[in-house]
Amino acid sequence: MTPEQRVLHSGSQRLLPVLDRLAPARAAGFDAVSLWPSDVRDADLAEVRDAVAAAGLVVSEIEVLCCWLPGQADAPPSQWDMLKWQTPERMLPMAQALGAHTISAAELFGLPFDGPAMAASFAELCRRAADHGLRVALEFVPSGGIFGLAEAWEVVQRADAPNGGLMVDSSHFQTSGSSLDLLASIPGERIYSVQLADVPADADAQMVNKMQDRLMPGSGVIDFAAFMAALSATGTTAPTGIEMFSAALDALPPAQAALECAQALDYCLSQGTPK
């Protein structure tokens, strides 16, 4: 698999101010960075965009739209409450201003899965995103309402939006028990983003709530040869990168952390051949 962009995802340098991430990312061989709204909420977006470009990078995507389905705004209080701020009204103009071509969306509040209804909302979100020149990558999260690849792909297929596709996160794929055969069957052009990290043997569907426990690819239980072979079988060239939530990675100097992420990405891209 050869991605069109090598991405250093925001989760891998979550404690570092955005402008301090750029030079280490470029020096480590990354082409792009993803950004969270919290990274830039109080920033001058034009200045951030110019700084990213001056560093020789682009913004691959903005993560993550959390309040786009009916019922999310009124979901019971949880650790995700702060993310209810992340609505289409706020995030679509933000992504456009930062020059991103993709914005991700997820269901984090545990709403009951309803394929037809969720697809209708996703189709409307995609329509609104198109007005801002954006694609929407639907991310499945095992502890949320769209919890696995099968459910996310159902929503994307039902919505049938030309700018609607998938984000595939290896850790979510593993802990949701998603199917390699299904992944391999998905048209590569409908995969908009790939995020890579490993998980420990005791990881389960609630792994998303243990945000410091991700491991570098090859250090946990994910069979990256099989996972990357399935991805390669799709023909995808989606932007691909490392998304770690790791206290150990946070403790490293920025240049070393970026380099270790680059080496982990190289490891993943070297794994697996299509069957």
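- Looking only at distances, a side-chain donor or acceptor of Asp39 sits under 3.5 Å from a matching main-chain atom of Trp36.
- Salt bridge absent: Glu243 and Arg14 never bring a charged side-chain N and a carboxylate O closer than 4.0 Å.
- With Asp81 contributing its side chain and Ser78 its backbone, the two residues share a donor-acceptor pair below 3.5 Å.
- Arg158 places no side-chain N or O within donor-acceptor distance of the main-chain N or O of Ala120, the cut-off being under 3.5 Å.
- Tested against Glu61, the residues Gln5, His101, Met167 include a single side-chain contact (heavy atoms from CB on, under 4.5 Å) partner, Met167.
- A side-chain N or O of Ser10 and one of Arg21 form a donor-acceptor pair less than 3.5 Å apart.
- Distance alone, capped at 3.5 Å, places no donor-acceptor pair between the Ser60 side chain and the Val7 backbone.
- Applying the ring-ring contact (aromatic ring centres under 6.0 Å, His included) rule to pairs touching residues 214-240 yields Phe173-Phe227, sequence neighbours excluded.
- Not a single donor-acceptor pair under 3.5 Å links the side chain of Arg135 to the backbone N or O of Gly165.
- Here the CG atom belonging to Leu215 is positioned 11.5 Å from the CG atom belonging to Leu249, to the nearest 0.5 angstrom.
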Practice task
Under the side chain to side chain contact (heavy atoms under 4.5 Å, CB included) rule, what do Gln195 and Glu139 come out as? Steps first, then yes or no, please.
Solution key: CA-CA 10 Å; Gln195 296 182 327; Glu139 180 175 14; 3.5 Å; yes
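- Not one N or O on the side chain of Ser121 forms a donor-acceptor pair closer than 3.5 Å with the backbone of Met118.
- Between the side chain of Gln86 and the backbone N or O of Val64, at least one donor-acceptor pair lies under 3.5 Å.
- Ala100 pairs by the side chain to side chain contact (heavy atoms under 4.5 Å, CB included) definition with Val59, Ile62, Ala95, not counting sequence neighbours.
- Between Ser12 and Ile242, the shortest heavy-atom distance links the atoms OG-O, 2.9 Å.
- Side-chain N or O atoms of Arg26 include none that pairs as donor or acceptor with a backbone N or O of Leu57 at under 3.5 Å.
- Under the 4.0 Å criterion applied to side-chain N and carboxylate O atoms, Asp131 and Arg128 are not assigned as salt-bridge partners.
- Within the 3.5 Å criterion, the main-chain N or O of Val221 finds a donor-acceptor partner in the side chain of Asp198.
- When the side chain to side chain contact (heavy atoms under 4.5 Å, CB included) test is applied to Ala197, the partners found at least two apart in sequence or on another chain are Arg214, Met244.
- The main-chain N or O of Ser171 is never found under 3.5 Å from a side-chain atom of Gln174 such that the two would form a donor-acceptor pair.
- The closest side-chain heavy-atom distance from Val40 to Leu45 is below 4.5 Å.
- When the side chains of ILVMFWY residues are joined at heavy-atom separations under 4.5 Å, either directly or via intervening members, Val48 and Val58 end up in two distinct hydrophobic clusters.
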